[in-house]
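Heads up: the structure comes next, in structure tokens.
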Amino acid sequence: MIGTFAKRLLSAALSFLLLATAGPFEVLAQQPAPQSTGYSGQGAPLAANELQQLVAPIALYPDALVAQILGAATFPDQVAAASGWLQQNKNLSGTALMQAVDGQPWDPSVQALTQFPSVLDNLARNLSWTSALGEAYHTQAADVMSAIQVLRGQAMAAGNLKSGPQITVVQQSPQVIVIQPTNPQVVYVPQYNPTVVYGAPYVTPGYSTADVVATGILAFGIGIAVGAAISNNNCCGWSYSYWNCNWHGGAVVYRSNVYYGNRAWHGGYYGSTATVYGPNGAARVGTAYNPSTGTYARGATVATPYGTRSAAQAYNPSTGTYARGASASNAYGSQAVGQAYNPNTGAYGATHQASNANGSYGSSVVSKNGQTAYTQHQTTAQGSVGTVQTSNGGKGIAASGAYGNNAAAGQTANGNKYAAANGNVYKNTGSGWQQTQGTPKSGASYAGSNSAAAKGWGQQESHGGAPAFSGGGGGGWQARGASARGAASRGGGGGWGGRR
């Protein structure tokens, strides 16, 4: 029980966002932006080789399926929701599945992908890549389409893209290669390794290739029947036959119209990202903006051989709500700090967490409606300890040792005290300590010189000796005032700090 209590303190502390810093933005501001054509975003566009890496996992899919994926990638939240919904409705198939999907509030591109569960699941499992793919399509649609054609040409030149029972490959021009199902009513999803199939290795950031085939050839799973969707005129106007790619116009086509997916993304209103590589590491920065709510966010990461730094912040000027955070890590350990505040509800939170070779430690504060709670924790090879203290007078402490011993003590706002150690439980409601659970010691008295209070349990101050939880291995703790500032408990030989 005690270990669980300490873990909950740690879990609550780690739930806050990280505190933003300006350093990574200053680094990126000095870097030149790559040049590109057809760019509609606000930040730096991706270079041709970066786009090719991004689309490598899907470039050899049939054209209509590529179109659906590019559209759905602009709705990563809906992709995740649809994938979860499919997992919960595995009993549905065929017309029943399509009718159920038709009633969901998803974009047509996401609805269409429910007919290809493996594809939708892949997008959901690689949401970082999915989101980057969707943003690239909306900010550089023509460039994305060109990148797909470049990779198709490379796969064909390497002898790995050719017509067969599953797909028909037609080179309409030197720059355009079309891939269609051999049987128009049955679609096969290619399986291939992007690092091999193109004749040159393409490694896609944020995309896991753990489940793909190891060879350079294309493999195919079970064909997906799409004939029922074509003939059903009363449902599902989002089905496979309504999608295609306009390779000459550089965009997805849905129901004979150019389709850009999420309107909040198109034109750069959603945001943009940029990545810079150098001999000493890499840096990436991103911004996002929602004009309908006025909310904006930005973030950055810098990675070098000496460690990694990340920062992010979000702010809504109409409500005043903000959140910001930062983290840093190197060979010696890591630290993370964060703050969040909502002026409408008065809710506030802050935290500071850290870890190194000796263990982990941290502190947090949360406040709402005039009530505040402070927590601290530390874990070393000797064991774990955590505390909580509230502004109305409640407090608690819990610890567990490396050899299985554990103890806890607490005091409620009205002054009642409780304590536990290795299965024995005590309480003091004003008339002395009494054991309420466990094995009584022969001749022991729970009020007086042998009381739990005299042994350092749950007292507000320690007189003539250190409290029972003064460190358990030298770990000192900050005072409540320091915790409120988000300061970390770093250890160092002192006992628990007193109230300020």
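When a residue number appears, it is its place in the shown sequence, counting from 1. Bear in mind that the values here come from a model prediction, so they are computed numbers and not experimental data. Reckoned from all heavy atoms, side chains included, excluding hydrogens, waters and symmetry mates.
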Donor on one side chain, acceptor on other, Tyr259 and Asp107, under 3.5 Å
yes

Indicate yes or no for a side-chain donor-acceptor contact from Ser391 to the backbone of Thr372 under 3.5 Å, with no hydrogens or angles considered.
yes

Separation between OG (Ser329) and CG (Asn356), nearest 0.5 Å, reads 13.0 Å

Begin with the C-alpha distance, continue with both residues' side-chain angles, and end with the deciding distance and a verdict on side-chain contact (heavy atoms from CB on, under 4.5 Å) for Thr114 and Trp106.
CA-CA 11 Å; Thr114 60; Trp106 303 326; 4.0 Å; yes

What do the steps show when you test Tyr202 against Asn49 for side-chain hydrogen bond (donor to acceptor under 3.5 Å, both in side chains), and what is the final call?
CA-CA 9 Å; Tyr202 283 95; Asn49 65 319; over 6 Å; no

Cys245 side, atom SG; Ile148 side, atom CD1 - distance, nearest 0.5 Å
6.5 Å

I need the Asp77 CG to Thr130 OG1 distance, nearest 0.5 Å.
11.5 Å

Check whether the side chains of Tyr361 and Gln353 place a donor and an acceptor atom closer than 3.5 Å, and report yes or no.
no

Begin with the C-alpha distance, continue with both residues' side-chain angles, and end with the deciding distance and a verdict on side-chain contact (heavy atoms from CB on, under 4.5 Å) for Ile69 and Leu113.
CA-CA 7 Å; Ile69 292 172; Leu113 285 181; 4.1 Å; yes

For Lys368 and Gln371, which I'm curious about, is there any donor-acceptor pair between the side chains at under 3.5 Å?
no

Is the backbone N or O of Glu135 less than 3.5 Å from a side-chain atom of Thr139, with the two atoms forming a donor-acceptor pair by type?
yes

Checking the side chain of Thr74 only, and the main-chain atoms of Asn262 only, is there a donor and an acceptor separated by less than 3.5 Å?
yes

Check: Asn422 side chain, Asn406 main-chain N or O, donor-acceptor pair, under 3.5 Å:
yes

Quick check: does any side chain N or O of Ser131 sit under 3.5 Å from a backbone N or O of Leu127, one acting as donor and the other as acceptor?
no

Is there a donor-acceptor contact under 3.5 Å from the side chain of Arg152 to the main chain of Ile177?
yes

Test side-chain hydrogen bond (donor to acceptor under 3.5 Å, both in side chains) applied to Tyr198 and Gln52, step by step:
CA-CA 11 Å; Tyr198 298 110; Gln52 291 162 16; over 6 Å; no

Decide yes or no on side-chain contact (heavy atoms from CB on, under 4.5 Å) for Gln149 and Gln175, but give the supporting numbers first.
CA-CA 7 Å; Gln149 286 297 325; Gln175 290 77 34; 5.9 Å; no

Leu46 and Gln140 have their tightest heavy-atom pair at N-OE1, 2.8 Å

Going by distance alone, is a donor N or O of one side chain under 3.5 Å from an acceptor N or O of the other, for Ser334 and Ser355?
yes

When you compare the side chain of Leu86 with that of Lys90, does any pair of heavy atoms fall below 4.5 Å?
no

I'd like to check Thr380 versus Asn358 (side-chain heavy atoms, cut-off strictly below 4.5 Å). Are they in contact?
no

Atom pair CZ (Phe220) and CD (Gln191), whose distance is rounded to the nearest 0.5 Å
9.0 Å

Within a strict 4.5 Å, meaning less than it, do heavy atoms of the Tyr254 and Ser109 side chains meet?
no

Does the pair Asn160 and Tyr192 meet the rule for a side-chain contact (heavy atoms from CB on, under 4.5 Å), with working shown?
CA-CA 10 Å; Asn160 295 324; Tyr192 59 90; over 6 Å; no

Measuring only between side-chain heavy atoms, which start at C-beta, is Val365 closer than 4.5 Å to Thr351?
no

Quick one: are Tyr207 and Leu54 in side-chain contact, heavy atoms under 4.5 Å?
no

What is the distance from atom CH2 of Trp85 to atom CG of Leu120, rounded to the nearest 0.5 Å?
10.5 Å

If you measure from OG on Ser146 to CG on Leu151, what distance do you get to the nearest 0.5 Å?
11.0 Å

Between Thr204 (side chain) and Gln53 (backbone), is there a donor-acceptor pair under 3.5 Å?
yes

Can you find a side-chain donor-acceptor pair between Gln68 and Tyr61 that sits under 3.5 Å?
no

If we only count heavy atoms from C-beta on, is the Leu70 to Ile58 side-chain gap below 4.5 Å?
yes

Which heavy atom of Ala82 sits nearest to which heavy atom of Val110, and what is that distance?
CB-CG1, 3.6 Å

Is a side-chain donor or acceptor of Asn126 paired with a backbone partner of Asn122 at a separation under 3.5 angstrom?
yes

Minimal non-hydrogen separation, Tyr418 against Thr412, with atom names
CE1-CG2, 4.0 Å

Are the side chain of Gln111 and the backbone of Gln104 linked by a donor-acceptor contact shorter than 3.5 Å?
yes

Of the non-hydrogen atoms in Met145 and Ala251, which two are nearest, and what is the gap between them?
CE-O, 3.6 Å

Which atoms form the tightest heavy-atom contact between Ala402 and Asn405, and what is the distance?
N-OD1, 4.4 Å

Considering all heavy atoms, the nearest Asn330-Tyr306 contact
CB-O, 3.1 Å

Within a strict 4.5 Å, meaning less than it, do heavy atoms of the Val252 and Val258 side chains meet?
no

Taking Asn392 for its side chain and Gly394 for its backbone only, find out whether a donor-acceptor pair lies under 3.5 Å.
yes

Going by distance alone, is a donor N or O of one side chain under 3.5 Å from an acceptor N or O of the other, for Trp243 and Asp63?
no

